[in-house]
Amino acid sequence: MQWTRDEYVLTDERERVDLDAVCRLLSRSYWASDRPREVMARAIEHSLCLNLWWSNQQVGFCRAVTDHATFTWICDVIIDEGHRGKGLGKWMVECLVGHDQIQTRSQSLATRDAHTLYEPHGFQRTEFMLRKLPQPKQDVQ
């Protein structure tokens, strides 16, 4: 699918993901600043991704992980700092949560500071539990 808004194009075409741009965007986030490129490549391969493009540059990204029936996890929602304040994050989230591939029984996410971005889409603040596993050591070559 593809959406347009002013000079921006939003697409779910996985082939259009610019991995370098996504890793650069996420390196500036509080939740994924240390996520290795190889991990993101694997995550993208197994996710529904929306890519926001402006003037041949990827300036936004978000993804959803789903079983396509009961559950969807929304994550890695980010807009380049130079493109914030234009409603692009709201538009991107609206397109993602309404995407036909993730109309599951529930959609979940975690955020430290963007509750007002998600609440208009029906997300509610709730208790959340997390289990972190030790990360495998990366092969150094």
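Counting from 1, the numbers follow the sequence of the chain as shown.
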Flag, side chain of [X] to backbone of [Y], donor-acceptor distance under 3.5 Å:
X	Y	answer
Arg84	Ile79	yes
Asp6	Tyr8	no
Gln58	Val22	no
Thr66	Phe71	yes
Gln103	Ala69	no

Is Asp80 salt-bridged to Arg24, going by a charged N under 4.0 Å from an acidic O?
-> no
Applying side-chain contact (heavy atoms from CB on, under 4.5 Å) to Cys95 and not counting sequence neighbours gives Trp3, Leu10, Leu50, Trp91
Say you draw a straight line from [atom1] of [X] to [atom2] of [Y]; how long is it, rounded to the nearest 0.5 Å?
X	Y	atom1	atom2	result
His83	Trp54	NE2	CH2	5.0 Å
His99	Cys49	NE2	SG	10.5 Å
Phe61	Ser29	CZ	OG	11.5 Å
Glu15	Asn51	CD	CG	9.5 Å
Arg5	Leu88	CZ	CG	5.5 Å
Arg14	Leu48	CZ	CG	7.5 Å

For residues [X] and [Y], report the shortest heavy-atom separation together with the two atoms involved.
X	Y	answer
Ser27	Ser33	O-CB, 3.4 Å
Val97	Gln107	O-NE2, 3.3 Å
Arg63	Ser47	NH1-OG, 2.8 Å
Leu96	Ile102	O-CD1, 2.9 Å
His68	Thr104	C-CG2, 3.7 Å

Glu7 CD: over 12 foreign heavy atoms closer than 6.0 Å = yes
Crowding at CG, Asp20 (>12 non-hydrogen neighbours, <6.0 Å) | yes
Hydrophobic cluster identity match, [X] and [Y], side-chain contacts under 4.5 Å:
X	Y	result
Val59	Val93	yes
Tyr30	Val39	no
Ile78	Met92	no

Pairwise ring pair (Phe, Tyr, Trp, His ring centres under 6.0 Å) hits with a residue in residues 32-53, at least two apart = none
For Trp31 and Asp76, what are the C-alpha separation, side-chain angles and deciding distance, and is it a side chain to side chain contact (heavy atoms under 4.5 Å, CB included)?
-> CA-CA 8 Å; Trp31 67 89; Asp76 294 336; 2.8 Å; yes
